[in-house]
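In this text, all values refer to a predicted model and were calculated from it rather than measured experimentally.
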Amino acid sequence: MERFSTGAIVLDTVVQGATRDRIALFSQGTEDPNPIHTDKAFAESAGFPDVLQQGPMTTAHFARLLTRRAGPLNSLDITFKAPVFPEEDLHLTAKVDSVASDGLVTCTLAAVKDDGTVTAVGTATWK
Amino acid sequence: MNIEKQGMVFPPYTVAPDRRLAELFARGIGVEGVPESVPPTYMIFLRGESVGANLFEELDIPRQKALHGGQRYDWVRPVKWDETLQVTARVKSIIEKQGKSGRVWFADIEFAYDDIRGQRVLTEITRLIERE
């Protein structure tokens, strides 16, 4: 697998916004019964203008893309900061913060909408 | 949220990766076909809901007031197809804070996934938020 140094950009990519159908598939695939992802009326009753993409969908994008670049991860820690609605693209970035003497790479992550809203931040580590 | 549930440990349950569910999971993120290997975050707290670790019911969190605050995974090794993991869920912490428009509760629930030999495979922490 590729070796990284401090400051390296590991990810700088846009993932296409999920359609309602894809959001529903992800709910099925994660066995998530929460109607907030599939029922607009329910989402509105919870104070949102539309159904929500699942936060774990962002986590899954990071996990998949980072694993492809770096191999199996040691850890992935994501904090969801703002809701993501159907069809909203996310710009995912990952930048290496440090590389320890034992080879542990620590990376800072962010997911940002086209309008600049930060929807998730986090860290990932691997060796 | 029922703050008295802090420290609660749910009865262990088992989860085995399912290729059909993994395919739906992958299609959800725009990838077609059954993944070659188990997606890293396939193991997710939601899979316990139907087998005894229903966080929303147990912690008394109305879904309309619930938000997902985040997730953390610590892997010892990747999960393999055709293995069954035993999962033990524990309510690690519940914190109440006063927000601008009422109280907000933050719960961290830890899920420990062990293989058939009792060796840890991964740990997942999910963070649930309830708004008043």
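- Interface remark: A:P35 contributes side-chain atoms only to the contact with chain B (heavy atom separation under 4.5 Å).
- B:R72 and A:S75 get closest at one heavy-atom pair: NH2-CB, 3.7 Å.
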B:W75 vs A:L76, side chain to side chain contact (heavy atoms under 4.5 Å, CB included): CA-CA, chis, key distance, verdict: CA-CA 9 Å; B:W75 292 274; A:L76 180 61; 3.7 Å; yes
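- Across every non-hydrogen atom of B:R63 and A:P33, the tightest pair is NH2-CG, 3.6 Å.
- Of all heavy-atom pairs between B:L67 and A:F48, the closest is CD2-CZ, 3.6 Å.
- Per-residue counts of heavy-atom pairs under 4.5 Å with chain B were compared for A:I36, A:T123, A:L73; the largest is that of A:L73.
- B:G30 and A:R22 get closest at one heavy-atom pair: N-NE, 3.6 Å.
- For chain A, the nearby part of B:R131 is the side chain; its heavy atoms alone come within less than 4.5 Å.
- Contact of A:I23 with chain B is not made at all, since no heavy-atom distance falls under 4.5 Å.
- Residue B:R27 touches chain A through both its backbone and its side chain, counting heavy-atom pairs closer than 4.5 Å.
- Put simply, the side chain of A:Q28 does not reach to within 4.5 Å of the side chain of B:L21, judged on heavy atoms.
- Ring-plane geometry between B:F25 and A:F26 is classed as tilted, the angle between the planes lying from 30 to 60 degrees on a 0 to 90 degree scale.
- Contact annotation for B:V31: only side-chain heavy atoms (C-beta onward) come within less than 4.5 Å of a heavy atom of chain A.
- If you measure heavy-atom distances from A:F62 to chain B, you find no contacts under 4.5 Å at all.
- Both the backbone and the side chain of B:Q71 come within contact range of chain A, judged by heavy atoms closer than 4.5 Å.
- Annotation: maximal heavy-atom pairing with chain A below 4.5 Å, among B:L122, B:D74, B:V76, occurs at B:D74.
- Minimum interatomic distance between A:T79 and B:R127 (heavy atoms only, all atoms of both residues): OG1-NH1, 4.0 Å.
- Only the side chain of B:I44 comes within contact range of chain A, with heavy atoms under 4.5 Å apart.
- The two residues A:G29 and B:R47 come nearest to each other via the heavy atoms O-NH2, 2.7 Å.
- Most heavy-atom pairs under 4.5 Å with chain B, from the set A:N34, A:L25, A:T19, A:D77: that is A:D77.
- The distance from atom CD1 of B:I29 to atom CD of A:Q54, rounded to the nearest 0.5 Å, is 11.5 Å.
- For a residue to count as touching a neighbouring chain, one of its non-hydrogen atoms must lie under 4.5 Å from one of that chain's; by this rule B:P39 does not touch chain A.
- Note: B:H68 leads B:H68, B:K65, B:E49 in heavy-atom pairs under 4.5 Å with chain A.
- Ranked by non-hydrogen atom pairs under 4.5 Å with chain B, the options A:G55, A:A124, A:A60 are led by A:A60.
- A:M57 CE to B:T41 OG1: the interatomic distance, rounded to the nearest 0.5 Å, is 11.0 Å.
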